[in-house]
Amino acid sequence: MSGLSRRGQNLVAAAVVVLLTVLSLLAVGLLGDPAAPGGGRPVAGCTVPGLAGTQVNVTLTNMGGPVMRPRNGMMGGAMRLTADRGAVPHGKVSFLVTNAGSISHEMVILPLPDNQVPGTRPVGPDGTIDESGSLGEASGTCTEGSGEGILPGTSGWVTLMLPPGRYELACNLPGHYAAGMYTQLTVT
């Protein structure tokens, strides 16, 4: 049996390069980017402790597609922050925030003045809104409170004492609020 021709060797080498590239891309997709938060270790779902008070389940998503339907009379973006309820009684409220998207997100709780519509806060040149007056946030992966962002497929949580009023739940990572990541919560 004779060896491969020079052309055959080149074809085999090219096929090996393509195969290794595909395997590398699959590994990054499954295990995460080593430069990303978490050091590229696989991040599975979190073990969430029992949360006190009334629980609000919040879902963070990004579609990666075109602008979505209008919300509150304004054009929304390709991202969403949704809560499983629009009103809760005052007192201890726990937010379980799950990132069902493909990029990091967070949730910040801000008082909403009576005359303000959700989604209308001014967005600064850095793509974020002013968080002054924030009551708390869920922005840590598999932990309570602040962090570097909730990674895809994981959750974060926060428990607060909320008096009656209107609140805006928002993702304040650059560009996310303007892309539609906000909703209103009324505390009675």
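FYI, side chains are in, hydrogens and waters are out, and symmetry mates aren't considered; it's all heavy atoms of this structure. Residue indices begin at 1 and follow the sequence shown. Fair warning: this is a prediction, and the values are worked out from it, not measured in the lab.
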Asks: A side-chain contact here means heavy atoms from C-beta on lying under 4.5 Å apart; do Asn99 and Pro152 qualify?
Replies: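 Yes; the side chains approach each other to less than 4.5 Å.
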
Asks: Counting only N and O atoms by type, is there a donor-acceptor contact under 3.5 Å from the side chain of Asn172 to the main-chain atoms of Thr128?
Replies: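 Side chain of Asn172 to backbone of Thr128, a donor-acceptor pair under 3.5 Å: no, none is there.
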
Asks: Can you tell if the side chain of Pro122 reaches within under 4.5 Å of the side chain of Ile129, non-hydrogen atoms only?
Replies: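 Not touching, per the 4.5 Å side-chain cut-off.
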
Asks: Does the side chain of Thr98 come under 3.5 Å of the side chain of Asn57 through a donor N or O and an acceptor N or O?
Replies: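 Distance-only check fails for Thr98 and Asn57.
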
Asks: Please examine the side chains of Leu96 and Leu51, heavy atoms only from C-beta on, and report whether any two atoms are closer than 4.5 Å.
Replies: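 Yes, their side chains come closer than 4.5 Å.
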
Asks: So do Leu162 and His90 actually touch side chain to side chain, heavy atoms under 4.5 Å?
Replies: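 In short, these two side chains do not touch, never coming nearer than 4.5 Å.
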
Asks: Could you walk me through whether Met79 and Ile103 pass the side chain to side chain contact (heavy atoms under 4.5 Å, CB included) test, one step at a time?
Replies: CA-CA 11 Å; Met79 298 184 181; Ile103 59 176; 3.8 Å; yes

Asks: Taking all atoms of both residues into account, what is the closest heavy-atom pair of Thr59 and Ala100, and its distance?
Replies: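 Residues Thr59 and Ala100, closest heavy atoms: CG2-CB, 3.9 Å.
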
Asks: If you look only at pairs with a residue in residues 155-177, which of them pass as a ring pair (Phe, Tyr, Trp, His ring centres under 6.0 Å), with sequence neighbours excluded?
Replies: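 Passing the test, one end in residues 155-177: His105-His176, Tyr177-Tyr182.
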
Asks: Taking all non-hydrogen atoms of both residues into account, name the closest pair between Pro113 and Pro111 and its distance.
Replies: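 What the structure gives for the nearest pair is CD-O, 3.7 Å.
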
Asks: Using a 4.5 Å cut-off on heavy atoms from C-beta on, say whether the side chain of Val56 contacts that of Asp84.
Replies: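 Asp84 reaches Val56 side chain to side chain.
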
Asks: If you look at every heavy atom in Ala178 and Val123, which pair is closest and at what distance?
Replies: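 Result for this residue pair: CB-CG2, 4.3 Å.
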
Asks: Looking at Thr143 and Gly140, would you say the former's side chain and the latter's main chain have a donor-acceptor pair under 3.5 Å?
Replies: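 No: the side chain of Thr143 does not pair with the backbone of Gly140.
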
Asks: Residues two or more places apart in sequence or in another chain: which of them pass side chain to side chain donor-acceptor pair (under 3.5 Å) with Thr186?
Replies: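 Thr186: side chain to side chain donor-acceptor pair (under 3.5 Å) contacts with Gln184.
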
Asks: Has the side chain of Arg121 got a donor or acceptor atom that lies under 3.5 Å from a matching backbone atom of Glu131?
Replies: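 Flag not set: sc Arg121 to bb Glu131 has no pair under 3.5 Å.
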
Asks: What heavy-atom pair brings Ser94 and Ala52 nearest, and what distance separates the two atoms?
Replies: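 Answer, listing the atom of Ser94 first, then Ala52: OG-O, 2.5 Å.
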
Asks: For the side chain to side chain contact (heavy atoms under 4.5 Å, CB included) test, which of Thr183, Leu110, Leu112, Leu185 pairs with Pro118?
Replies: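 With Pro118 as partner, side chain to side chain contact (heavy atoms under 4.5 Å, CB included) holds for just one option, Leu112.
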
Asks: Do the side chains of Leu60 and Met181 get nearer than 4.5 Å, heavy atoms only?
Replies: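 Yes, close enough: below the 4.5 Å cut-off.
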
Asks: Please answer: with hydrophobic residues joined when any side-chain heavy atoms are less than 4.5 Å apart, are Leu151 and Leu173 in the same cluster?
Replies: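 Not linked; separate clusters.
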
Asks: What heavy-atom pair brings Thr54 and Pro89 nearest, and what distance separates the two atoms?
Replies: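 Where Thr54 meets Pro89 most closely, the heavy atoms are OG1-CG, 3.8 Å.
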
Asks: Examine Leu135 and Ile150 and state if one hydrophobic cluster contains both, with Ile, Leu, Val, Met, Phe, Trp and Tyr joined whenever side-chain heavy atoms are less than 4.5 Å apart.
Replies: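 Same cluster: Leu135 reaches Ile150 through Ile, Leu, Val, Met, Phe, Trp or Tyr contacts under 4.5 Å.
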
Asks: Report the C-alpha distance between Val58 and Thr82 in whole Å, list the side-chain angles of each, state the deciding distance to 0.1 Å, and finish with yes or no for side chain to side chain contact (heavy atoms under 4.5 Å, CB included).
Replies: CA-CA 6 Å; Val58 176; Thr82 57; over 6 Å; no

Asks: Compare all side-chain heavy atoms of Lys92 with those of Thr159 and state whether any distance is below 4.5 angstrom.
Replies: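 Of all side-chain heavy-atom pairs linking Thr159 with Lys92, at least one is under 4.5 Å.
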
Asks: Testing Glu106, Glu137, Met107 for side chain to side chain contact (heavy atoms under 4.5 Å, CB included) with Val97, which one passes?
Replies: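 Per the side chain to side chain contact (heavy atoms under 4.5 Å, CB included) rule, the option paired with Val97 is Met107, out of Glu106, Glu137, Met107.
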
Asks: Calculate, to the nearest 0.5 Å, the distance between atoms CZ and CG belonging to Phe95 and Leu160 respectively.
Replies: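 Atom-to-atom, Phe95:CZ and Leu160:CG are 6.0 Å apart.
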
Asks: How far apart are the closest heavy atoms of Cys46 and Thr154, and which atoms are they?
Replies: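 In this case the closest contact between Cys46 and Thr154 is SG-CB, 3.6 Å.
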
